[in-house]
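Before any comments, here is the structure.
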2 protein chains.
Amino acid sequence: MSSTIRDVARLAGVSASTVSRALSMPEMVNAATRERVQSAAERLGYAPNRAARGLITGRTGNIGLVVPDLANPFFPSVVKGIQARARAADIAVFLADTDEDPAAEVGLVRALAKQVDGMILCSPRAGLDELTGFAADTRVVLVNREVPDIGSVTFDNTDGMRQAVGHLAALGHRRIAWVGGPAKSWSDGERARGLTDAAAAAGLEVVKIGHFPPHYDGGYAAADQVVASGATAVVTYNDLVAIGLMARLDARGISVPNDFSVVGIDDIAMSRMARPALTTVSLPKQQAGRVAVELLLALLDDPDGSAGPSRQLPGELIVRGSTGVTP
Amino acid sequence: MSSTIRDVARLAGVSASTVSRALSMPEMVNAATRERVQSAAERLGYAPNRAARGLITGRTGNIGLVVPDLANPFFPSVVKGIQARARAADIAVFLADTDEDPAAEVGLVRALAKQVDGMILCSPRAGLDELTGFAADTRVVLVNREVPDIGSVTFDNTDGMRQAVGHLAALGHRRIAWVGGPAKSWSDGERARGLTDAAAAAGLEVVKIGHFPPHYDGGYAAADQVVASGATAVVTYNDLVAIGLMARLDARGISVPNDFSVVGIDDIAMSRMARPALTTVSLPKQQAGRVAVELLLALLDDPDGSAGPSRQLPGELIVRGSTGVTP
DNA sequence: GTGAAAGCGCTAACAC
DNA sequence: GTGTTAGCGCTTTCAC
């Protein structure tokens, strides 16, 4: 159905290798021949079969992308950044959604690894050993996860939490609750630690409220414990949790921000739309995606394939209505 | 780096062809040999190179998926459905996001078409001729778009609008505004027509308010015209628009649902979380994704590749706070 | 039931 | 500068 390199060769009256050269290394071929080949290719709508090319060059021009859950708006943003940067490099993206299932993660990585040049793993839930194992087989870049000897793009949680604490301290809060996300989430640990350290430095008290699913319902469920903790402000694992938490607060007649302050992390679109709008540590999600692709490309061009420098991106506190009033 | 069929053959003490058979047509090989091959494959972590296999079988085991904008929560849901169904069939998914750019759409389809068995195009913005052209080259299934002779999965907009109108009429509304989405969107036309027809049948008046971007900001921008129209209720192109519209209404001190009723379409997660929660025509997004994959699989198995039967999925009105009160 | 040989579409080495 | 040859990893005749 689709035309091959030989069709073009026949039409242009040259050999297949000349077609190949004319298309991928135009300098190496006579100008006249080149034009003949190019117009023939044009006329046939020819485009090389990348699978066949990959077989011989060892480069497929494809990358794999694994995310835990597309329904969490954080990930589509990262995916968009990755897409955009990959397309600019003429690279196609395999996407897999694991549904937050670590076992599925392992299977999907193995399945995809064979047909891609490298993989980007977003917030992987897999264990350290598994990730190290992946990186031995394939070029891997991590997003929102740090593992020794594997390239990664992360966010500066320490500084983000410092900003959040500074803001809450300035509003007069003395006791802050932390609502944690999935126990297997690397960033959960980072954020909790960042918050604890920043609070200690500022002389504030932190109450940790268990682990909750990283969704609206998780926040909704956490709210009552947060209130019972005696805190006057809360920082949550992510925006979705914060929004769910605010809904429960509202249902109980607790006013945000008059009675309570809420700070999220991520800055998903929904946070602007919430009422009151959510104060949050904004993370450069699309940029993280773009940077991840760049790291991966560097890794692919690097003959020994050692991990390039990892990148840490800054977060920025966006103050909105959910922390507008002093307690 | 990765082991090939010959490595397995050597370890099992058989030929490559036997390995191939033992793995893909286990019946055709002696039980003892089969076990030897399978354990050898296991030990080496062998998985066939799908590109190489595709070269000879003509089937890559991959499908392409093109969506206009992952930032619109409607699409991640569909993508999740597609992913899940594809994975069950051991099929990998190439994902491309066009950023609502029809030109990018064409380019991406062409680029992907070569390395996939078929493509799913979600809410494509491309013209009729272009889509027909695609379908001539590749197996194509459309989601949320209907084109003659191309298989598709759509939602029953006519019935959905009938439900919405029935609800609003029962609340006592006599004059309903319609806020349209992108002019190039097929479903925009369908929904507008569905609403108009249902309103006519029920003896209600419809005021159409132009075309707006299918986002929060579009709804925010449309609100003032909606109010000026003299309508007491509004149906919007999608939930995002409805939520933006409600925000502007709120900013102007117009109470939903006391002064105004709002109905969206899609039922994205955010609609449950909005305050007041949004009444909306819920669309089975994940199911649409699953069905699209099934249609595509049927198309691939069909030797003459003619368009299979298209499927239309029902929508269901979910009544929430945004239409709770009679005007 | 199994192996040897051919070939999918392409590119890279080697001749010329 | 261009054609010929070989081969990427796999499946599929065709012999045996």
Side-chain angles (χ1 to χ4, degrees), chain A residues 1-38 40-41 44-62 90 92 110-117 137-138, chain B residues 1-38 40-41 44-62 90 92 111-117 137:
Chain A
M1 57 167 152
S2 180
S3 55
T4 82
I5 197 170
R6 278 200 282 268
D7 299 328
V8 181
R10 201 174 311 122
L11 183 59
V14 297
S15 77
S17 21
T18 301
V19 175
S20 174
R21 278 189 285 252
L23 264 28
S24 37
M25 337 143 89
E27 287 72 33
M28 286 195 54
V29 69
N30 192 322
T33 330
R34 190 196 318 147
E35 297 228 339
R36 220 144 28 92
V37 170
Q38 281 171 345
L44 264 42
Y46 170 78
N49 179 325
R50 300 177 77 148
R53 169 186 285 173
L55 212 48
I56 181 151
T57 60
R59 289 273 285 252
T60 61
N62 299 327
D90 195 28
R110 286 209 205 299
L112 281 182
K114 312 290 273 200
Q115 35 187 352
V116 299
D117 298 332
D137 291 346
T138 324
Chain B
M1 53 169 149
S2 180
S3 55
T4 83
I5 198 170
R6 278 200 282 267
D7 298 327
V8 180
R10 200 173 314 123
L11 183 59
V14 297
S15 77
S17 18
T18 300
V19 174
S20 174
R21 277 188 287 252
L23 264 28
S24 37
M25 338 140 91
E27 291 76 30
M28 286 195 54
V29 68
N30 194 321
T33 326
R34 188 197 319 148
E35 297 228 339
R36 220 143 28 92
V37 170
Q38 282 171 344
L44 265 42
Y46 170 77
N49 179 325
R50 299 177 78 146
R53 168 186 286 173
L55 212 47
I56 181 153
T57 60
R59 287 273 284 254
T60 62
N62 299 328
D90 196 27
L112 281 183
K114 311 292 272 200
Q115 36 186 351
V116 299
D117 298 333
D137 292 345

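Here is how names work: the chains are called A, B, and so on, in the same order as the sequence lines, proteins then strands, and each is numbered from 1.
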Selection from C:dT2, D:dT4, C:dT11 that lies nearest to any side-chain heavy atom of B:Thr18: C:dT2

Atom pair distance, as rounded to whole Å: CG in B:Asn49 and P in C:dC10: 16 Å

Please report the distance separating the P of D:dT2 from the corresponding atom of C:dG9, rounded so that it comes out in whole Å. 25 Å

Taken to the nearest whole Å, CZ/B:Arg10 to C1'/C:dT2 is 18 Å

Nucleotide nearest A:Val14 (side chain, heavy atoms from C-beta), chosen from D:dC10, C:dT2, D:dG3: D:dG3

How many Å lie between CD on B:Glu27 and C1' on C:dT2, as a whole number? 16 Å

For a quick check of understanding: with a heavy-atom distance under 4.0 Å over all strands, which category does A:Ser24 fall into, base, sugar-phosphate or nothing? nothing

Integer-rounded Å distance: D:dG9 P and A:Leu55 CG: 7 Å

Measure CD/B:Glu35 against C1'/C:dG1 and give the value in whole Å, please. 16 Å

A:Arg59 has an atom CZ; how far is it from atom P of C:dA12, in whole Å? 12 Å

Atom of B:Ala51, atom of A:Ala51 and distance for their closest heavy-atom approach: CB-CB, 3.8 Å

In whole Å, I'd like the distance from the CD1 atom of B:Ile56 to the P atom of D:dT11. 8 Å

Which nucleotide sits closest to the side chain of A:Arg53: C:dC10, D:dT11, C:dG1? C:dC10

Can you work out whether A:Arg6 or A:Ala16 has the more 5'-proximal nearest nucleotide on DNA chain C? A:Arg6

Mapping A:Met25 and B:Val29 onto DNA chain C by nearest heavy atom, which one lands closer to the 5' end? B:Val29

For B:Thr33 and B:Val14, work out which heavy atoms get closest and say how close. CG2-CG1, 3.8 Å

Stems in DNA chain D, runs of 3 or more consecutive Watson-Crick or G-U wobble pairs with both distances under 3.5 Å, sorted by first number, are C:1-11 with D:6-16, C:13-16 with D:1-4

Atom pair CZ (A:Arg50) and OG1 (A:Thr57), whose distance is rounded to the nearest 0.5 Å: 10.0 Å

Quick one: pull up CD1 in A:Ile5 and CG in A:Leu44 and give me the separation to the nearest 0.5 Å. 12.0 Å

Over all heavy atoms of both residues, which pair between A:Leu23 and A:Tyr46 is shortest? Give the atoms and the distance, please. CD2-CE2, 3.7 Å

Under 3.5 Å, is there a donor-acceptor pair between the side chain of B:Arg34 and the main chain of B:Pro26? yes

Is there a donor-acceptor pair under 3.5 Å between the side chain of A:Asp117 and the backbone N or O of A:Thr60? yes

Just how far, in rounded Å, is C1' of D:dT4 from CZ of A:Arg21? 10 Å

Distance-minimising heavy-atom pair for B:Val8 and B:Ala41: CG1-N, 3.9 Å

Sugar-phosphate only, base, or nothing, as touched by A:Arg50 at under 4.0 Å among non-hydrogen atoms: nothing

Which part of the nucleic acid, if any, lies within reach of A:Ser17 when heavy atoms closer than 4.0 Å are counted: base, sugar-phosphate only, or nothing? base

Measure from the side chain of B:Asn30, starting at C-beta and using heavy atoms only, and say which of D:dC8, C:dG1, C:dG9 lies closest. C:dG1

